[in-house]
There are 2 protein chains.
Amino acid sequence: MQDDVKRGRGRPKAWDDKAPQNTIKSLDRALEVLVALGDMQGGTLSEVASALDQSPATVYRVLTTFQGRGFVDFDAQNQVWNIGAAAFLTGSQFLRRTSLVERARPIMRDLMDATGETANLGIERDGQVLFLGQVETHATIRAFFPPGTVSAMHASGIGKALLCRMDDARQRRVLAQGKLEQFTPHTLTDPDAMIADLHAARARGYAIDAEERNIGMRCIAAPVYNVFGEAVAGISVSGPTTRITTDKIAVLAQPVMDAAARLTVAIGGNNRPAG
Amino acid sequence: MQDDVKRGRGRPKAWDDKAPQNTIKSLDRALEVLVALGDMQGGTLSEVASALDQSPATVYRVLTTFQGRGFVDFDAQNQVWNIGAAAFLTGSQFLRRTSLVERARPIMRDLMDATGETANLGIERDGQVLFLGQVETHATIRAFFPPGTVSAMHASGIGKALLCRMDDARQRRVLAQGKLEQFTPHTLTDPDAMIADLHAARARGYAIDAEERNIGMRCIAAPVYNVFGEAVAGISVSGPTTRITTDKIAVLAQPVMDAAARLTVAIGGNNRPAG
DNA sequence: TTTGTGTTTTTCATAATGTGAAAAATAATT
DNA sequence: AATTATTTTTCACATTATGAAAAACACAAA
């Protein structure tokens, strides 16, 4: 970064260490409630209140206010509060911004048509893979990654497609974060084995997740590049090992790489990767 | 419906007309800001403030507070505020919750009450319509599609409601699969006639199955959209031609479309269809 | 039944804190 | 250089958020 930051229009922000008092405390506490409700995947009033160590009365008012705008739903049957449709709708506007998702949509649909398997789109965020969208196969047996799911980099096709294009330093940093947690007997937990796998993926042009996260599921992923040739997203197909057999991987990899290349073009990226 | 509703545990809510003061005003105003920011797809402080007719100082504090939790991002380059990743992450928890079928249930019940006819819910699977659920009319003569039933797309109201929102290529592909099998003298077997019928349905906003699958049965269906404005399901009413007469179709279509729109909202979808 | 326990919702007094106006400090424009 | 537009901070004041406790229920057991 440059030393002199590009500053905005009006009065400059106070770069003091003494915290400027321009945030709203009650709103912040309310957001804490909303996030907690999402993390715990719904709960009763008392559950939420005790989890946050806050007064039930306050949490109750926060929840009913959110409810008024549809940000949370209340299941009167079981007295359970949950994240509501409005939160999803507003939150989804985040995707529209980068326009990555919008542009990926038709490409993913074609990929699904060409391969018959569910197509996925994901990016890296905070050392994990964040799934942004998918187009589901029509087959009855299908992999399911709803948008918003996060997954470990080292045990995901898209994660490894992104990793294999990072320089060594960043690779090691990201991998060190997650400690290579073992999910299945096939998960690569040895750093050297992981590095070797990433080199292979880089040479091939696509990464493979062979039952490393879920037994019975394989995934083939390729990186998508931005204008600087940096891998900023991954596109993949995932399905059961019964359909994605080892000898079909090379066949399926081609449409995946094609789709990634198309998406790279669609977002104004450079298909000649940097480094 | 019963008069005595199933009530929860604790103290009952005050059913007074005089608004109970258990919502938080400042939080509500803050949510108004967040929703507006999403609707206008991002904007500068002054844009948001003037759009809501609020003091810039207040809106500023709201935005910085949201920013603190990642619910909005600030692009210092262009001084533009936008919906952030945390809003997306939390909002996405909504999807993880209940299924389409559960959300549709109360809506379908209302639709049945309003029309007096059996209400149906279906999606596309493997080129066919898969019925996921229904709420039966009280009348003795009734259409019966038990959940799990599959039916040909081209001879079903829901099927045509889904088809009429696909692009031409997919339309032709799906239709080619089934070869437009003839079930009754009214079944549309000519591809051009089918395309014309689908265009009409698209323009109307609802599709009609006029004895095309079963003699003596008519069906009125409307599409349900996901967050991308893609038709992912259909909702319909079906009944005997003696009750669903040709001159009643337009009358019955309104509650059907209303129900579809409600379900779209309930699943976090976008009622402005894509394409 | 009656009693007891664990809920959720409301009321109320009090103080915390959110609020707008205006000032301050910058960038863009003329 | 002066003006305009915009963002951020300060400050005095009153709005309003807050927790404790009470009220009103459901549920379980005696």
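Because the structure is a prediction, the values reported are computed rather than measured. A, B, ... follow the sequence lines: proteins, then strands. Residue 1 opens every chain.
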Rounding to an integer number of Å, can you tell me how far [X] [atom1] sits from [N] [atom2]?
X	N	atom1	atom2	result
A:D75	C:dT7	CG	P	17 Å
B:K25	D:dT15	NZ	P	10 Å
B:L27	C:dA16	CG	C1'	17 Å
B:Q79	C:dA25	CD	C1'	13 Å
A:D28	C:dT17	CG	P	12 Å
B:I24	C:dT17	CD1	C1'	13 Å
A:L63	D:dT18	CG	C1'	15 Å
A:F74	C:dT7	CZ	P	14 Å

Return the 5'-most residue of the pair A:A57, B:V59 with respect to DNA chain C, ranking by each residue's nearest nucleotide.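 Of the two residues, A:A57 wins.
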Exercise. OP1 or OP2 of D:dT7 less than 4.0 angstrom from a side-chain nitrogen or oxygen of B:R61, does that happen here?
Worked result: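 No, outside the criterion.
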### Query
Can you find a side chain N or O atom of B:S26 that sits less than 4.0 Å from OP1 or OP2 on D:dT15?
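Checking B:S26 against D:dT15: no side-chain N or O falls below 4.0 Å of OP1 or OP2.
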If you measure only the distance, is there a donor-acceptor pair under 3.5 Å linking the side chains of A:S236 and A:N120?
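Yes - a donor-acceptor pair under 3.5 Å links their side chains.
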Taking side-chain hydrogen bond (donor to acceptor under 3.5 Å, both in side chains) as the definition, give me every residue that meets it alongside A:R170, ordered by chain and number, with sequence neighbours left out.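 Testing A:R170 for side-chain hydrogen bond (donor to acceptor under 3.5 Å, both in side chains), a comparison that skips the adjacent residues, returns A:E124.
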Checklist entry - When you measure from the side chain of A:R29, which nucleotide among C:dT17, D:dT16, C:dT9 comes out closest? => result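 Minimum distance to the A:R29 side chain belongs to C:dT17.
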Could you check whether any side-chain heavy atom of [X] comes within less than 4.5 Å of a side-chain heavy atom of [Y], counting everything from C-beta outward?
X	Y	value
A:L263	A:L121	yes
B:L89	A:F94	no
B:L34	A:F71	yes

Residues from residues 42-55 of chain B lying under 4.0 Å of DNA chain D - heavy atoms: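 Heavy-atom cutoff 4.0 Å gives B:T44, B:L45, B:S46.
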- prompt: Does B:D39 have any salt bridge (charged side-chain N to carboxylate O under 4.0 Å, His left out) partners at least two apart in sequence or in another chain, and if so, which?
  reply: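 If we apply the salt bridge (charged side-chain N to carboxylate O under 4.0 Å, His left out) test to B:D39, skipping adjacent residues, there are no hits.
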- [ ] Please state whether the rings of A:W81 and A:Y60 are parallel, tilted or perpendicular, taking 30° and 60° as the class boundaries.
- [x]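 Perpendicular, since the angle between the ring planes exceeds 60°.
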